[in-house]
Chemist: 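Sending over a structure as structure tokens; questions will come in a sec.
We number each residue from 1, following the sequence as shown. Because only heavy atoms are used, hydrogens play no part in the values below, and waters and symmetry mates are left out as well, while side chains stay in. The shown structure was predicted, so the numbers you read here are calculated from the model rather than taken from an experiment. Order of appearance sets the numbers: ligands from 1, and atoms from 1 within every ligand.
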Amino acid sequence: MDWKSKIDMTRLPKHVAVIMDGNGRWAKEHGRPRVFGHRSGVKAVRETAEAAAEIGIEYVTLYAFSTENWNRPKYEVDALMTLLVSTLRKEIRTLNDNNIKLGAIGNLTELPKKCYKELIEAIDKTKHNTRMTMLLALNYSGRWEITNAVKKVASEVKAGNIDINDIDDDYFAKHLNTKNIPDPELLIRTSGESRVSNFLLWQLAYTEFAFLPIYWPDFRREHFYKSLVDFQNRERRFGKTSEQIT
Ligand code: FPP
């Protein structure tokens, strides 16, 4: 099926978030170590970035490493960080060829030094690109982000810059890592798991979810296109009735 031709290009989501899950299980099925699954997942990252940029999505956010992922065996954490460094280095060219700007959300300064340095360098080398922004969620969790925002808002109140009664959704959202970035309209999660896993908890309030029964290393352009078609076939009511929408 040619899913790309079925996409209504006038109704694209501006922002698509992705939970890249199932690398470990994919590797196990192939009789290989978990790290091989992560390495194989890089091709899916590239395909997603290229496909999204080509059709005109403005933002793609990828959940690459959660604050909970530090609890994995040390060798796997080390391998993920090494993979991140080498992928950032290698893929700067792909990002520039596709006019994609790199960004990141999460507790970045607590990443291993080498990883942080490579990330900042990649962000700098792609900062003039304009077609799409690809955000990597690294050392990220939604609860961490919200707690952090609460601290920032509390200090604004303490400094007398805002009255408590004037705090609203918009004001709060400006203190999140995603300030000035629209909430994702679509979240794709691979691997068949149907949960949010502490990802973008504030931003997903009205997001449509697509849970795909394939592992991340098998994710290709066609899966991305089909998820967009399914998204466009849904009725998004935002608390209203169906009649009010039509
Ligand atoms: C989840 O699969 C995946 C991760 C924790 C890491 C994702 C990282 C990549 C795809 C590699 C490179 C990415 C970038 C952006 C450079 P899992 O290990 O939890 O799989 P499992 O649930 O089957 O064990």
Chemist: Looking only at side chains, do S191 and R25 share a donor and an acceptor under 3.5 Å apart?
Modeler: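 S191 vs R25: donor-acceptor pair found between side chains.
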
Chemist: What does the 4.0 Å heavy-atom contact list look like for ligand 1?
Modeler: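 Only M20, D21, G22, N23, G24, R25, R34, H38, V42, A64, N69, R72, L80, L83, L84, T87, L136, W216 have heavy atoms that fall under 4.0 Å of ligand 1, ordered by chain and number.
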
Chemist: Assess whether a salt bridge exists between E235 and R237, defined as any Lys/Arg side-chain N lying under 4.0 Å from an Asp/Glu carboxylate O.
Modeler: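 Here E235 pairs with R237 in a salt bridge, since their nearest N and O are under 4.0 Å apart.
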
Chemist: Do R221 and E54 sit within salt-bridge range, that is, some charged N less than 4.0 Å from a carboxylate O?
Modeler: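 Yes, R221 and E54 are salt-bridged.
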
Chemist: Salt bridge or not between D2 and K6? Use side-chain N to carboxylate O under 4.0 Å.
Modeler: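 No, no charged N to carboxylate O under 4.0 Å.
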
Chemist: Is the closest side-chain donor-acceptor distance between R189 and S197 under 3.5 Å?
Modeler: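 Judged by distance alone, the side chains do pair up.
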
Chemist: What about F224 and W3, are their ring centers closer than 6.0 Å?
Modeler: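 Not close enough - the centres of the two rings lie 6.0 Å or further apart.
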
